Number of protein chains: 2
Amino acid sequence: MGQRRDEVLQAAIELLDEVGIEGLTMRVLAARIGVRASALYRHYPSKQALLDAMVVHLATPGADPQAPADAPWDEQLRQTANGLREVMLAHRDGARLMSTFHTPGPEAAAGFHNLVAALRTAGTTPDAAVTAVDTVLAYVNGHTLEEQTRKTDARTWPRDRRDLAFNNGLELILTGIRATLP
Amino acid sequence: MGQRRDEVLQAAIELLDEVGIEGLTMRVLAARIGVRASALYRHYPSKQALLDAMVVHLATPGADPQAPADAPWDEQLRQTANGLREVMLAHRDGARLMSTFHTPGPEAAAGFHNLVAALRTAGTTPDAAVTAVDTVLAYVNGHTLEEQTRKTDARTWPRDRRDLAFNNGLELILTGIRATLP
DNA sequence: ACCTGAACACCGTTCAAGT
DNA sequence: ACCTGAACACCGTTCAAGT
């Protein structure tokens with residue numbers, strides 16, 4: 001059951017990659033799978049629900065390189081940050097799509113908690129751990145959204161140059177976190 | 001000349017505050033100033049041009065608390081970061097509006113360059129200064145976008161609690177920058 | 001210079017009706 | 001269970017025509 005639902009989701013992601021988030025409309029998506037727009041509402045109650053499902057699908061680890069839970073906190077933050085950015089850059093308007101996500105589910109909260117736990121074992125207070133993780137995630141989202149949407153010089157840089165810029169900023173934050181450690 | 005153009009801009013900002021970015025349409029905006037939608041295109045070539053003008057207008061310092069150019073680099077970064085967040089939070093969907101901004105103008109580049117210069121006098125390399133400023137701005141945009149749009153626990157926190165969370169993250173980054181200083 | 005009227009080519013969503 | 005047809009209430013934008 002629900003395989004048609006997945007077919008809609010799959011087609012939506014393909015359409016996103018071809019035309020961007022602006023061109024992703026219920027009517028065009030429906031046409032792509034040989035159906036009328038109204039039929040999509042049997043599978044998703046609204047366009048926003050479909051967009052949310054796309055975010056969850058893309059952000060779900062799958063076989064992503066995830067650092068083991070006993071890895072050092074900075075390695076875990078690096079992996080999460082790079083993985084998140086990777087997912088966004090892998091799809092046209094990926095960052096903008098993520099930014100439309102309204103209600104983070106339990107799996108997002110779980111990933112968040114794992115990172116906080118890793119920092120806590122390094123000796124931070126609970127509050128400091130939350131601040132650290134929040135800061136890294138806000139940086140990743142802000143940086144990648146700008147990298148992918150803004151018409152700035154950096155947009156024309158080659159990928160490895162942009163990776164370097166991103167990681168330099170990330171290391172800056174990790175250094176800041178390290179300084180608050182006992 | 002152009003005072004009608006400013007009237008449109010003013011009305012657009014008022015409408016944004018009342019109905020949000022979703023409800024900000026050319027037709028409703030036109031009705032508000034007693035005109036048809038098509039008349040707006042005498043003043044702005046497109047809706048995107050109007051949105052860009054709104055961002056420039058809101059982000060233009062005006063009489064904002066701006067740190068003097070000879071203030072220490074961290075004080076300047078704090079002022080810029082808080083000022084930017086303040087502007088976003090002062091308007092409904094302010095952060096989302098800013099994120100639609102496609103082509104940063106020369107005034108944005110000038111503000112950026114001032115911050116880089118402040119860091120350079122503190123002894124950083126040019127590259128490190130750019131990274132530091134980029135990182136702070138990405139954090140502010142990412143954090144505020146999340147603060148204003150995401151349906152998370154933090155959204156219901158009182159303002160002073162949210163200010164604290166924001167500033168804690170900011171100080172984390174400033175500490176990281178400080179560690180790279182000679 | 002500034003605005004209207006009318007049109008063009010679209011949107012998301014609902015709902016009775018069909019199979 | 002899943003889809004169609006038709007409609008509702010909208011969009012941004014263009015362009016000839018009016019004053």
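Below, chains carry the letters A, B, ... as their sequence lines are ordered, and counting in each starts from 1. These figures come from a predicted structure and were not determined experimentally.
For the 3.5 Å distance criterion, the side chains of N167(A) and E171(A) fail to qualify, holding no donor opposite an acceptor. Judged by distance alone, the side chains of Q10(A) and D6(A) never bring a donor and an acceptor atom under 3.5 Å apart.
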Given Watson-Crick and G-U pairs under 3.5 Å, DNA chain C in dot-bracket ([ ] crossing, | other strand) is ||.|||||...|||||.||

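L145(B) belongs to a hydrophobic cluster whose remaining members, ordered by chain and number, are L145(A); membership requires side-chain heavy atoms of ILVMFWY residues under 4.5 Å apart, directly or through intermediates.
If R42(B) and T25(B) are placed on DNA chain D by their nearest nucleotide, the residue sitting closer to the 5' end is T25(B). Between L40(B) and G23(A), it is L40(B) whose nearest contact on DNA chain C lies nearer the 5' terminus.
A close approach under 4.0 Å does not occur between any side-chain nitrogen or oxygen of H43(A) and OP1 or OP2 of dA1(D). Residue R27(B) places no side-chain N or O under 4.0 Å from the OP1 or OP2 atom of dA9(D).
At least one cation-pi condition fails for R150(A) and F101(B): the charged atom is not both under 6.0 angstrom from the six-membered ring centre and inside a 45 degree cone around its axis.
Atom CD1 of I33(A) and atom C1' of dT4(D) are 14 Å apart (whole Å). The NZ-C1' distance, from K47(B) to dC10(C), rounds to 14 Å in whole Å. Distance E7(A) CD to dC3(D) C1': 14 Å, rounded to the nearest Å. Computed from coordinates, the Y41(A) OH to dA16(C) P distance equals 17 Å when rounded to whole Å. Atom pair R5(B):CZ and dA1(C):P shows a separation of 16 Å (rounding to whole Å applied). One atom, CD of E22(B), and another, P of dA9(D), lie 20 Å apart when rounded to the nearest Å. Atom-to-atom, OH of Y44(A) to P of dT14(C) comes out at 17 Å; the value is rounded to the nearest Å. Atom P of nucleotide dG5(C) and atom CE of M26(B) are separated by 18 Å, given to the nearest angstrom.
When the C1' atom is compared between dC11(C) and dC8(D), the two are found 12 Å apart, to the nearest whole Å.
If you check every strand for non-hydrogen atoms under 4.0 Å, S38(B) touches a base. Among the heavy atoms of the strands lying under 4.0 Å from R36(B) are primed sugar atoms or P, OP1, OP2 only; no base atom is included.
Closest contact between the side chain of A39(A) and the listed nucleotides dT13(C), dT4(D), dC2(D) involves dT4(D).
Taking a cutoff of 4.0 Å between a charged side-chain nitrogen and a carboxylate oxygen, R32(B) and E18(B) qualify as a salt bridge. The pair R155(A)-E146(A) does not meet the salt-bridge criterion, since no charged nitrogen lies less than 4.0 angstrom from a carboxylate oxygen.
For T25(A) (side chain) and V28(A) (main-chain N/O), a donor-acceptor pair under 3.5 Å exists by modelled atom type.
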